[in-house]
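Working notes for the structure below.
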Amino acid sequence: MSELHVVATIPVQAEHVEAMREALTGLTEATRQEPGCVAYDLYESAAAPGVFVTVERWTDQAALDAHMQSPHIAAAFAAADGALSGDVAIHPLVPVGN
């Protein structure tokens, strides 16, 4: 079975960017320690400041599902309460072509 690739976008209100950057950095560090996490990187969009993007690779869907139930995901969503400027969008990716 091939790895699962995921991209998530997290749009944050300008006044909450620094606090969310800190929360998401902690989330990134904890996530990288999870079984099944191959890679987990955090970026901020250069085209849309305040929009954070995670680029993720998981061994399989079960690893991603476990991640979504982890305490550090719950803490990140709690930190995001009232700080978002839109919806968090999670995009599992499907390869196109070879």
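In this text, all values refer to a predicted model and were calculated from it rather than measured experimentally.
Shown here are the ring pair (Phe, Tyr, Trp, His ring centres under 6.0 Å) partners of His67, two or more places apart in sequence or in another chain: Tyr40, Trp58. Qualifying salt bridge (charged side-chain N to carboxylate O under 4.0 Å, His left out) partners for Glu44, counting only residues two or more places apart in sequence or in other chains: Arg21. Scanning for side-chain contact (heavy atoms from CB on, under 4.5 Å) contacts around Ala76 gives Leu27, with sequence neighbours left out. Asp65 pairs by the salt bridge (charged side-chain N to carboxylate O under 4.0 Å, His left out) definition with nothing, not counting sequence neighbours. For Ala19, the side-chain contact (heavy atoms from CB on, under 4.5 Å) test picks out no residue, with sequence neighbours left out. Leu84 is linked by a side-chain contact (heavy atoms from CB on, under 4.5 Å) to Ile10, Val12, Ala80, Val88, counting only residues two or more places apart in sequence or in another chain. Listed by chain and residue number, nothing satisfies the side chain to side chain donor-acceptor pair (under 3.5 Å) test with Thr9 (two or more places apart in sequence, or in another chain). For Ala62, the side-chain contact (heavy atoms from CB on, under 4.5 Å) test picks out Asp60, with sequence neighbours left out. By the side chain to side chain donor-acceptor pair (under 3.5 Å) test, Ser70 is found to be paired with His72, residues two or more places apart in sequence or in another chain being considered.
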Leu64 and Met68: CA distance, side-chain angles, deciding distance, side chain to side chain contact (heavy atoms under 4.5 Å, CB included) verdict: CA-CA 6 Å; Leu64 176 59; Met68 294 306 295; 4.3 Å; yes
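Annotation: the span from Thr28 atom OG1 to Leu42 atom CG amounts to 4.0 Å, rounded to 0.5 Å.
Note on Phe52 and Val7: separate hydrophobic clusters, where clusters join Ile, Leu, Val, Met, Phe, Trp and Tyr whose side-chain heavy atoms are under 4.5 Å apart, directly or indirectly. Residue Phe77 is not grouped with residue Val53 when hydrophobic side chains (ILVMFWY) are merged at heavy-atom distances under 4.5 angstrom, including chains of intermediate members.
With contacts defined as side-chain heavy-atom distances shorter than 4.5 Å, the pair Thr31/Glu56 does not qualify.
Here the closest heavy-atom approach between residue Ala63 and residue Pro35 is recorded as CB-O, 4.2 Å. Here the closest non-hydrogen pair linking Gly82 and Gln13 is O-NE2, 3.4 Å.
Residue pairs meeting the side chain to side chain donor-acceptor pair (under 3.5 Å) criterion with at least one member in residues 73-89, sequence neighbours excluded, do not occur. For residues 27-38, the set of pairs meeting the salt bridge (charged side-chain N to carboxylate O under 4.0 Å, His left out) definition, not counting sequence neighbours, comprises Arg32-Asp41.
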